[in-house]
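From a predicted model like this one, the values you see are computed outputs, not experimental measurements.
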Amino acid sequence: MCGIVGIVGKSNVNQALYDGLTVLQHRGQDAAGIVTSHDGRLFLRKDNGLVRDVFQQRHMQRLVGHMGIGHVRYPTAGSSSSAEAQPFYVNSPYGITLAHNGNLTNVEQLAKEIYESDLRHVNTNSDSEVLLNVFAHELAQRGKLLPTEDDVFAAVSDVHKRCRGGYAVVAMITGYGIVGFRDPNGIRPIVFGQRHTDEGVEYMIASESVSLDVLGFTLIRDLAPGEAVYITEDGKLSTRQCATNPHFSPCIFEHVYLARPDSIMDGVSVYKARLRMGEKLAEKILRERPNHDIDVVIPIPDTSRTAALELANHLGVKFREGFVKNRYIGRTFIMPGQAARKKSVRQKLNAIELEFRGKNVMLVDDSIVRGTTCKQIIQMAREAGAKNVYFCSAAPAVRYPNVYGIDMPSAHELIAHNRSTEEVAELIGADWLIYQDLPDLIEAVGGGKVKIEQFDCAVFDGKYVTGDVDEAYLNKIEQARNDASKVKSQAVSAIIDLYNN
């Protein structure tokens, strides 16, 4: 769930890119990078860390140019070495930089093709670098000294033919323009917009509409699955469908957890979708436990707050803020290594005893992945004096890994994998547990004014929309993603980085 931005402006875009990435910081806290183009030269700064830490004044002053792209990263598998911070760069043809959100499911095959057929070298384990080399190779095949928009769109079309998985991309062709494109299933989000200045019209591409809002850009629309947008350096915008058989299946987990509530994705308000999730949960509670004794509904900040508020309203129960969040601790979902994850929960949240003492408390979270965090939070609620602690998930049970760019752990690390609701409730220490039903979640997200017929719901139902994910592939990513492998990989990466610095 990385975040990407690209801007073609009329003046230096370094500050706008920085601000856009800051707004998208929730999508990745592992690394950040910006590259700009000026007079045919590139200016790049990237490193591990938050946006505010990676870019100091001296770095910003060097990032000159009227167009550029940026990226915030969290690792989907394996290493978090600074060598894999984006954007990536290749010098042929033209000099191309690329930033990517998502994951390629056929990356091993592509890496082999790149080396054996395309005669290109890949220097990291990142599938983003593989994607960059595929795009660069296909653009070079046009054999043009000056690439046209037809050449760019044809290269994107060939990328779609070769690459499988979920991906949203911004790429800058030095001295020519910026292209953004989306996978043929539309799994990962990408939008574009414009703003008017005294010098003329500026354009921006980003993962979420909120990034455009904050910078004063007006949202034009989302890219359709398989579609590309190309903005030349002088500000000409063109779009084209580049996939032969696109199928719209956006990731539903964006609305559950990943996106900011003030974003609009594929015409759907994330905020309103989460309100509807709360309504559906309340209806299920009233069906299954009409004589419930809930005294208060308390959200686990921050993502679940919207659903919890509407849940309380429909149940006719008090809504209270029972936890205070330390905003200087990162998202535990993103944090690699179970030990670090456990430690951070107590640092991140503290209970307000007044809201728990002697009450039957319904805690609401957006989802339950490993179960480690919610288990500790339930224990905190009991220590604060709660009489009974009930738990409610705005999403269905997460039973399967994600393979399209979200760091869902391997199947055996998912607490709901091969377990019943009652077994999960016992493991996390809840008196009872209610999950959202998948049809209700689909209705909550896709049942507004904009109708979406199909979503990528693989983490809930195990149905992978690209059709190329089998047991062998899942076993392979399990080896790469389990926490033991991550800890080992990060230790090696730390040593390498220390040596290089």
* To do: Just say parallel, tilted or perpendicular for the rings of H417 and Y400, cut-offs at 30° and 60°.
  => perpendicular
* To do: Please lay out, stage by stage, how Y203 and I7 fare under the test side chain to side chain contact (heavy atoms under 4.5 Å, CB included).
  => CA-CA 6 Å; Y203 292 98; I7 299 176; over 6 Å; no
* Residues I190, F181; criterion side chain to side chain contact (heavy atoms under 4.5 Å, CB included); working and verdict -> CA-CA 8 Å; I190 183 170; F181 56 92; over 6 Å; no
* Does NZ in K112 sit with more than 12 non-hydrogen atoms of other residues, nucleotides or ligands closer than 6.0 Å? -> no
* Asked: Which pair of non-hydrogen atoms, one from N48 and one from A31, has the smallest distance, and what is that distance?
  -> OD1-CB, 3.7 Å
* Decide whether a cation-pi geometry holds between K46 and F88; the criteria are a distance under 6.0 Å from NZ or CZ to the six-membered ring centre and an angle within 45° of the ring axis. => yes
* Asked: Any side-chain donor-acceptor pair under 3.5 Å between H247 and S249?
  -> no
* Do S126 and E129 have side-chain atoms, one donor and one acceptor, less than 3.5 Å apart? -> no
* Are P225 and N185 side-chain neighbours, meaning at least one heavy-atom pair lies under 4.5 Å? -> no
* **Donor-acceptor pair between E113 and Q109 side chains, under 3.5 angstrom** => yes
* Check against side chain to side chain contact (heavy atoms under 4.5 Å, CB included), Y115 and V122 -> CA-CA 8 Å; Y115 179 74; V122 176; over 6 Å; no
* Asked: If you measure from CD on E443 to CG on L438, what distance do you get to the nearest 0.5 Å?
  -> 12.0 Å
* Asked: Can you name the one residue among T105, T466, D183, D468 that meets side-chain hydrogen bond (donor to acceptor under 3.5 Å, both in side chains) with R164?
  -> D468
* Would you indicate whether Q141, at its atom CD, is surrounded by more than 12 heavy atoms from other residues, nucleotides or ligands within a distance under 6.0 Å? => yes
* Please list all pairs passing the side chain to side chain donor-acceptor pair (under 3.5 Å) test where one or both residues lie in residues 4-24, with sequence neighbours left out. => Q15-D19
* **Ion pair D150/K144, N-O distance below 4.0 Å** => no
* To do: Kindly indicate whether the side chain of F135, heavy atoms from C-beta on, has any atom under 4.5 Å from the side chain of V156.
  => yes
* **A16 to R195 - nearest heavy-atom pair and separation** => CB-NH2, 4.5 Å
* Say whether, by atom type as modelled, one donor and one acceptor occur between the side chain of R188 and the main chain of Y404 under 3.5 angstrom. => yes
* Within 6.0 Å of CD in E453, more than 12 heavy atoms from elsewhere -> no
* **Salt-bridge present (E138, K161; N to O < 4.0 Å)** => no
* Side chain of D456, backbone of A458: donor and acceptor closer than 3.5 Å? -> yes
* **Contact summary for R58 and R62, nearest pair of heavy atoms** => O-CG, 3.4 Å
* C2 and V72: which non-hydrogen atoms are nearest, and at how many Å? -> CB-O, 3.2 Å
* Is the closest side-chain donor-acceptor distance between Q86 and H100 under 3.5 Å? -> no
* Asked: Do any N or O atoms from the side chain of Q29 and from the backbone of H26 form a donor-acceptor pair under 3.5 angstrom?
  -> no
* Within-4.5 Å side-chain heavy-atom neighbours: L44 and T97 -> no
* Asked: What do you reckon, is OH of Y89 surrounded by more than 12 foreign heavy atoms closer than 6.0 Å?
  -> yes
* **Check: D118 side chain, R120 main-chain N or O, donor-acceptor pair, under 3.5 Å** => no
* To do: Supply the atom-to-atom distance F248 CZ to Q454 CD, rounded to the nearest 0.5 angstrom.
  => 10.5 Å
* To do: For residues V54 and R45, determine if any side-chain heavy atom of one lies less than 4.5 Å from a side-chain heavy atom of the other.
  => yes
* Would you please say whether a donor-acceptor pair under 3.5 Å links the side chains of Y167 and H160? => yes
* Between V170 and G6, which heavy-atom pair has the shortest distance, and what is it? -> CG1-N, 4.4 Å
* What's the shortest heavy-atom distance between N101 and I4, and which atoms? -> N-CG2, 4.1 Å
* Asked: Any idea how H66 and H38 line up, ring-wise: parallel (<30°), tilted (30 to 60°), or perpendicular (>60°)?
  -> tilted
